[in-house]
Amino acid sequence: MTWKQALLLSCFSAVVLLSILREGTGASVGTTQAAEEEASEDAKQKIFMQESDASNFLKRRGKRSPKSRDEVNVENRQKLRADELRREYYEEQRNEFENFVEEQNDGLHKPLLSYTGCAGRRA
């Protein structure tokens, strides 16, 4: 009989312990959820702007409005830099190909020169 009482007592204490632990984690989750909701509200305020601010932004710069002189200058500098990089790349590729062709031509002509050189000594 005592082992049944000991088993029953240990099971009962385990249930009580688990229920206490569940309540403790539930309370911490509740505070964490509140903090996450505050953080998400702050993030929304940082990402989204007021409707009046958005309409003013769109009115200020429509699709057909002219660009400022600074914007035009920046775009032109970017285009010139891209053109320069492209030109350098193709020049490098051309130089590498020319070097390759020269090496191929040198390889073809060397055996002919050495052969004619040997024949010239015999004669």
Side-chain angles (χ1 to χ4, degrees):
M1 276 287 195
T2 52
W3 64 273
K4 285 184 182 178
Q5 290 175 349
L7 181 66
L8 184 61
L9 183 62
S10 63
C11 288
F12 179 71
S13 61
V15 169
V16 170
L17 183 64
L18 288 176
S19 65
I20 291 172
L21 289 176
R22 179 180 286 174
E23 288 178 14
T25 57
S28 66
V29 169
T31 57
T32 306
Q33 287 175 347
E36 287 177 2
E37 288 175 5
E38 285 182 27
S40 66
E41 289 297 322
D42 291 340
K44 286 180 184 177
Q45 288 177 355
K46 290 179 182 177
I47 294 173
F48 299 106
M49 58 175 47
Q50 296 294 327
E51 186 177 349
S52 59
D53 294 338
S55 65
N56 288 338
F57 175 78
L58 293 174
K59 285 178 186 176
R60 219 175 335 140
R61 177 71 194 268
K63 286 184 180 178
R64 297 184 182 202
S65 66
K67 296 179 181 177
S68 71
R69 195 70 200 147
D70 293 332
E71 288 175 317
V72 172
N73 289 337
V74 167
E75 286 181 5
N76 287 337
R77 279 196 301 265
Q78 288 175 342
K79 288 178 186 177
L80 289 173
R81 180 67 181 146
D83 290 342
E84 181 182 346
L85 291 174
R86 192 177 304 112
R87 193 176 310 115
E88 288 175 3
Y89 171 77
Y90 285 121
E91 182 180 351
E92 183 179 330
Q93 293 296 317
R94 186 178 60 243
N95 289 338
E96 287 180 12
F97 180 71
E98 287 175 357
N99 291 339
F100 172 76
V101 169
E102 285 178 10
E103 289 175 7
Q104 291 295 320
N105 288 338
D106 289 343
L108 289 176
H109 294 298
K110 281 183 181 176
L112 292 176
L113 292 174
S114 63
Y115 178 73
T116 55
C118 290
R121 279 190 239 149
R122 289 186 183 172

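Only a predicted model underlies this, so the values are computations on that prediction, with no experimental measurement involved. Below, all heavy atoms of this structure are taken into account, side chains as well, without hydrogens, waters or symmetry copies.
Listed by first and then second residue, the salt bridge (charged side-chain N to carboxylate O under 4.0 Å, His left out) pairs involving residues 87-103 amount to none (not counting sequence neighbours).
Note that CG of N105 and CZ of F100 are 10.0 Å apart. Values are rounded to the nearest 0.5 Å. One finds the CD atom of Q5 at 9.0 Å from the CG atom of L9 (value rounded to the nearest 0.5 Å).
For R86, the salt bridge (charged side-chain N to carboxylate O under 4.0 Å, His left out) criterion is met by D83, not counting sequence neighbours. Take D70 and apply the salt bridge (charged side-chain N to carboxylate O under 4.0 Å, His left out) test, not counting sequence neighbours, and it matches no residue.
Clustering ILVMFWY residues whenever any of their side-chain heavy atoms sit less than 4.5 angstrom apart, transitively, puts V15 in a cluster other than the one holding L7.
Under the 3.5 Å distance criterion, the side-chain polar atoms of E75 are left unmatched by any main-chain donor or acceptor of V72.
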